[in-house]
Amino acid sequence: MRNLKFITLLIFFVLSISIFANAQEVIGKLATAKYGQPKIDGEMDEIWKSTEEYLTDSYVQGTKGRVAYSKFRVLWDEDGIYIWAEVYDSLLNKDNTNPWEQDSIEFFIDEDNAKKTSYDANDAQYRVSFDNRQSFGTGASKEYFVTATKRTDFGYIVEAQVKMKTRKLKEGDIIGFDVQVNDADRFGSRVGIIAWNEVENINWINPSSFGNLKLVK
Ligand code: BGC
Ligand code: CA
Ligand code: CA
């Protein structure tokens with residue numbers, strides 16, 4: 001009897017340790033954001049040049065070389081994050097009435113990186129088109145989104161600030177984060193969905209598919 005109690009306790013102990021360890025684990029890709037405040041104007045500030053560059057290389061729809069993609073960088077301050085994205089897209093189109101089927105880029109935020117399977121109060125989906133038209137998915141609104149876009153010879157540039165809704169950010173934090181490029185063709189149909197982390201086109205309903213953004217100084 002005493003033995004059984006001991007074994008039950010031991011199992012419980014081992015289980016709780018492994019659950020705790022899993023909670024600390026980073027699931028999905030990890031990017032780092034450096035501390036700093038750029039000016040949101042579509043011009044590359046000096047500070048952007050010292051940041052790490054990441055690539056959207058998850059071809060959720062479309063194949064590499066045939067559809068658009070993006071190289072992006074991220075900064076942060078206490079109020080939110082900043083994204084610099086260069087979108088490589090040789091044909092820009094906004095004919096579709098659905099904003100996600102126009103040439104555009106999306107940013108996904110999970111402020112506490114809870115990675116739940118449905119959106120909670122601190123998750124949000126933001127979108128901006130190549131001609132700076134903003135649109136908002138679940139949890140997003142214009143008071144938290146500042147953007148500038150610029151057309152270039154390779155496609156377009158997006159510079160954006162996404163403000164946090166429920167908290168201040170600090171060094172060492174990891175938030176849930178993803179980037180998605182939508183590529184429209186000349187008929188106004190979406191032919192490409194190119195993400196940084198996710199693989200199934202479920203980010204808009206399921207934050208567990210976001211990657212991770214670590215805030216460093
Ligand atoms: C998805 C679309 C979805 C839309 C809703 C996009 O990220 O790719 O399939 O309908 O979000 O906002
Ligand atoms: Ca700038
Ligand atoms: Ca396009």
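FYI, the numbering just counts along the sequence from 1. Counting convention: from 1, in listed order, for ligands and their atoms alike.
Using cut-offs of 30° and 60° on the angle between ring planes, the pair Phe145 and Phe136 is perpendicular.
Looking from atom 12 (O) of ligand 1 to the surrounding protein, the closest heavy atom is Arg127 NH2, 3.0 Å. The protein non-hydrogen atom at the shortest distance from atom 5 (C) of ligand 1 is Trp204 CE3, 3.6 Å. When hydrogens are left out, the protein atom nearest atom 8 (O) of ligand 1 is Asn201 OD1, 2.6 Å; that is the closest non-hydrogen contact. In terms of protein heavy-atom proximity, atom 11 (O) of ligand 1 is nearest to Gln125 NE2, 2.9 Å. At the top of the distance list for atom 7 (O) of ligand 1, counting protein heavy atoms only, stands Glu106 OE1, 2.7 Å.
Close approach to Gln180 involves these atoms of ligand 1, each under 4.0 Å from a residue heavy atom: 6 (C), 7 (O), 8 (O).
Ring centroids of Tyr35 and Trp76 are separated by less than 6.0 Å, placing the two rings close together.
In this structure, Leu169 CG and Glu78 CD are separated by 8.0 Å, a value rounded to the nearest 0.5 Å. How far CG of Leu92 is from CG of Asp183: 8.5 Å, rounded to the nearest 0.5 Å.
Note on Gly42: not counted as a metal contact of the Ca ion (ligand 2), no N/O/S atom lying under 3.0 Å. Residue side and main chain included, Leu91 places an N/O/S atom under 3.0 Å of the Ca ion (ligand 3). Using a cut-off of 3.0 Å, one finds that Asp103 contributes an N/O/S atom close to the Ca ion (ligand 3).
Side chain of Lys165 to backbone of Tyr144: no donor-acceptor contact under 3.5 angstrom is found. Using modelled atom types, one side-chain atom of Asn197 and one backbone atom of Lys29 make a donor-acceptor pair closer than 3.5 Å.
Within Asp183, the N, O or S atom at minimum distance from the Ca ion (ligand 3) carries the name OD1.
Put simply, the angle at the Ca ion (ligand 3) from OD2 in Asp89 to O in Ala184 is close to 150°, to the nearest 10°. Geometry about the Ca ion (ligand 2) gives an angle of 130° between OE2 of Glu159 and OD1 of Asp41, rounded in steps of 10 degrees. Rounded to 10°, the angle formed at the Ca ion (ligand 2) by OD1 of Asp45 and O of Glu43 is 80°.
For the pair Asn203 and ligand 1, no heavy-atom separation below 4.0 Å is found.
Legend: residues meeting side chain to side chain donor-acceptor pair (under 3.5 Å) with Glu46, ordered by chain and number and at least two apart, are Lys49.
Residues Tyr69 and Ile105 share a hydrophobic cluster, clusters being chains of Ile/Leu/Val/Met/Phe/Trp/Tyr side chains in contact below 4.5 Å.
The only option from Ile27, Asp110, Thr117, Asn203 that meets the side chain to side chain contact (heavy atoms under 4.5 Å, CB included) definition with Ser208 turns out to be Thr117.
Side-chain contact of Thr166 with Glu111: a donor-acceptor pair under 3.5 Å is present, judged by distance alone.
At a 4.0 Å heavy-atom cut-off, ligand 1 does not touch Glu198 at all.
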